[in-house]
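Okay, so here's the structure we're looking at.
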Amino acid sequence: MRIFHEMSRYGYEELIFAYDELTGLRAIIAIHNTTLGPALGGCRMYPYKSEDEAIIDALRLARGMTYKSSAAGLNLGGGKAVIIGDPERDKNEELLKAFGKFVHTMGGRYITAADMGIGSEDIEIIHTETQYAVGLSSGPGAGGDPSPITAYGVIRGITACLEEVFGDGSLKGKTVAVQGIGKVGYSVVRHLFEEGADIYITDVSQKRVDAAIREFGVKSVPPDSIYNVECDIFCPCAVGGVINAETIMQLKCKIIAGSANNQLKDDACGDALVDLGILYAPDYIINAGGLINVADELSGYNRERALRKAGGIYDAIKRVIKMANQKGFPPHLAASYLAEERIAKASEIKGRFAPS
Ligand code: NAD
């Protein structure tokens with residue numbers, strides 16, 4: 001792998017490797033861009049098949065965090081860590097502490113958080129070795145589970161989309177198809193129910209489906225049938241890549257707005273949605289509530305403030321739609337444009353005040 005070539009192509013700042021013989025820790029931290037502030041991004045633990053695969057994942061995820069933080073209006077940069085290993089088999093307290101020590105050596109240039117394979121209980125352990133860890137579940141300054149805030153942000157984003165498409169942000173009587181009734185999806189369904197939407201759900205877990213039917217009286221469809229539910233809003237809250245060549249042709253919605261990360265299989269799918277007249281709320285803008293919640297711990301967690309900031313997702317989606325309309329861009333490109341513009345402005349200001 002041509003690492004420096006890759007780093008220069010996308011403007012990465014640092015790629016750091018940590019190895020600890022005693023615990024077997026093999027971790028990589030990628031820092032993409034710190035123009036707006038220190039890099040914040042989760043730590044993923046996964047049994048990568050090769051070191052190259054782990055490096056590529058760290059780099060790709062770190063870059064995504066730069067865009068997400070910038071678009072959310074946070075003064076944070078983009079970074080991500082990966083630990084090579086199977087969380088079921090290889091994760092233990094000593095390894096997490098060794099990772100915490102590694103993060104601490106970076107002096108706050110990188111702030112870690114939970115991601116796939118690393119939960120908030122692991123962050124508590126990492127936090128015993130470094131203050132540069134957020135997403136704590138308990139204790140003073142802990143933000144707790146970010147999912148309800150993520151769901152709230154999704155609802156605010158949906159409101160902005162409804163105003164654009166229907167001229168009115170009300171969910172009353174609107175049909176919404178929710179894919180994935182997990183931590184975020186369930187909370188989204190609760191909001192939709194309270195606002196009088198007509199709700200269809202699906203999940204691969206029948207237990208979750210049954211719980212939502214019991215509590216909200218929603219209708220359910222099998223997982224593969226969610227794409228062709230005739231609805232106003234398709235709300236993906238499960239896995240990535242669900243907007244692809246196969247599913248696009250089945251969609252019967254006017255808006256796609258949900259919490260799942262990396263919803264578009266590729267950029268061409270984003271272009272195809274424009275051709276079909278479907279408004280897409282870019283995932284990393286509408287699902288930024290979780291990031292906003294954990295980042296709030298850096299200033300001494302305040303739930304009202306985190307909620308207020310997550311409410312700003314409404315304005316962020318409005319800005320994306322306006323930019324897309326003005327420039328004739330598809331929304332996913334308008335989102336990148338806005339994120340890059342904010343970084344470029346900050347960089348210009350920094351340059352102006354740099355010592356000569
Ligand atoms: P979760 O694991 O709690 O829930 C996901 C749900 O989707 C589960 O109930 C699972 O059974 C279901 N599911 C998986 N594959 C499915 C399929 N093919 N069809 C239907 N259902 C399926 O996860 P979560 O925390 O609710 O996150 C949901 C999505 O939102 C993920 O993509 C996550 O990365 C993203 N996200 C979450 C947060 C957060 O605060 N939790 C923040 C930002 C983004």
Side-chain angles (χ1 to χ4, degrees), residues 40-44 46 57 60-61 64-65 67-69 71-72 74 80 87 113-120 123 134-137 142-158 177-192 199-213 215 218 220-229 234-244 246-247 250 256-265 281-297 303 306-307 309-310 313 316:
L40 190 150
C43 171
R44 178 169 289 191
Y46 188 76
D57 212 27
R60 185 181 61 84
L61 294 165
M65 290 309 296
Y67 282 79
K68 193 164 178 162
S69 284
L74 297 170
K80 205 86 182 186
D115 196 86
M116 225 158 73
I118 297 288
S120 53
I123 292 297
V134 289
L136 303 170
S137 56
D145 178 10
S147 311
I149 306 254
T150 303
Y152 172 65
V154 168
I155 294 293
R156 296 299 297 140
I158 286 178
V178 186
Q179 179 184 47
I181 315 299
K183 292 189 292 297
V184 180
Y186 204 92
S187 189
V188 165
V189 169
R190 184 183 304 284
H191 284 283
L192 296 172
I199 310 162
Y200 286 82
I201 61 159
T202 195
D203 200 292
V204 289
S205 154
Q206 191 57 41
K207 221 167 87 187
R208 286 174 187 268
V209 169
D210 291 343
I213 292 175
E215 187 168 359
V218 293
S220 77
V221 296
D224 285 345
S225 306
I226 196 75
Y227 303 104
N228 50 37
V229 170
F234 172 49
C235 180
C237 295
V239 290
V242 292
I243 310 298
N244 55 51
E246 205 180 299
T247 58
Q250 301 175 46
I256 299 175
S259 77
N261 275 313
N262 306 319
Q263 291 169 32
L264 301 177
K265 181 89 179 136
D283 46 17
Y284 65 83
I285 308 256
I286 197 166
N287 73 15
L291 171 64
I292 289 170
N293 195 60
V294 298
D296 202 80
E297 288 182 7
R303 194 156 185 90
L307 271 167
K309 284 191 186 166
I313 288 174

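Whatever order the structure lists ligands and atoms in, that order sets their numbers, starting from 1.
- In the vicinity of Thr150, heavy-atom distances shorter than 4.0 Å reach the ligand 1 atoms 38 (C), 39 (C), 40 (O), 42 (C), 43 (C).
- The parts of Lys183 lying near ligand 1 are both backbone and side chain, judged by heavy-atom distances below 4.0 Å.
- Listed by number with element, the atoms of ligand 1 under 4.0 angstrom from any heavy atom of Gly182 are 3 (O), 4 (O), 6 (C), 9 (O), 26 (O).
- Set against the non-hydrogen atoms of Arg208, the atoms of ligand 1 under 4.0 Å away are 9 (O).
- Given atom 43 (C) of ligand 1, the protein heavy atom at minimum distance is Asn287 O, 3.5 Å.
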Less than 3.5 Å apart, which donor and acceptor atoms pair up between the side chains of residues 180-189 and the rest of the protein, not counting sequence neighbours?
| unit_1 | atom_1 | unit_2 | atom_2 | d |
| --- | --- | --- | --- | --- |
| Tyr186 | OH | Ala211 | O | 3.3 |
| Tyr186 | OH | Glu215 | OE1 | 2.8 |

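- By the 4.5 Å heavy-atom criterion applied to side chains, Arg303 and Asn293 are counted as neighbours.
- Proximity to Cys237 (heavy-atom distance under 4.0 Å) selects the following atoms of ligand 1: 5 (C), 28 (C), 29 (C).
- In this structure, Arg60 pairs ionically with Asp57, as a charged nitrogen and a carboxylate oxygen lie closer than 4.0 Å.
- Distance from atom 19 (N) of ligand 1 to its nearest protein heavy atom, with residue and atom name: Val204 CG1, 3.9 Å.
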Item to check | CA sep, side-chain torsions, deciding dist, call: Ile292, Thr150, side chain to side chain contact (heavy atoms under 4.5 Å, CB included) | outcome: CA-CA 9 Å; Ile292 289 170; Thr150 303; over 6 Å; no
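- Applying the side-chain contact (heavy atoms from CB on, under 4.5 Å) rule to Val239 yields the partners Val242; only residues at least two apart in sequence or on another chain are considered.
- Asp203 OD2, 3.5 Å is the protein heavy atom nearest to atom 8 (C) of ligand 1.
- The protein non-hydrogen atom at the shortest distance from atom 33 (C) of ligand 1 is Asn261 ND2, 4.0 Å.
- The protein non-hydrogen atom at the shortest distance from atom 30 (O) of ligand 1 is Ser259 OG, 2.9 Å.
- Contact annotation: the side chain of Val209 never approaches that of Thr202 to less than 4.5 Å [non-hydrogen atoms, C-beta and beyond].
- Of all protein heavy atoms, the one lying nearest to atom 37 (C) of ligand 1 is Val184 CG2, 3.8 Å.
- Atom 29 (C) of ligand 1 has Ala238 O, 3.4 Å as its closest protein atom, hydrogens excluded (heavy atom only).
- In this structure, Pro236 and Ile256 have side chains that are in contact, with non-hydrogen atoms separated by less than 4.5 Å.
- Using a 4.5 Å heavy-atom threshold, the side chains of Ile149 and Lys309 count as separate.
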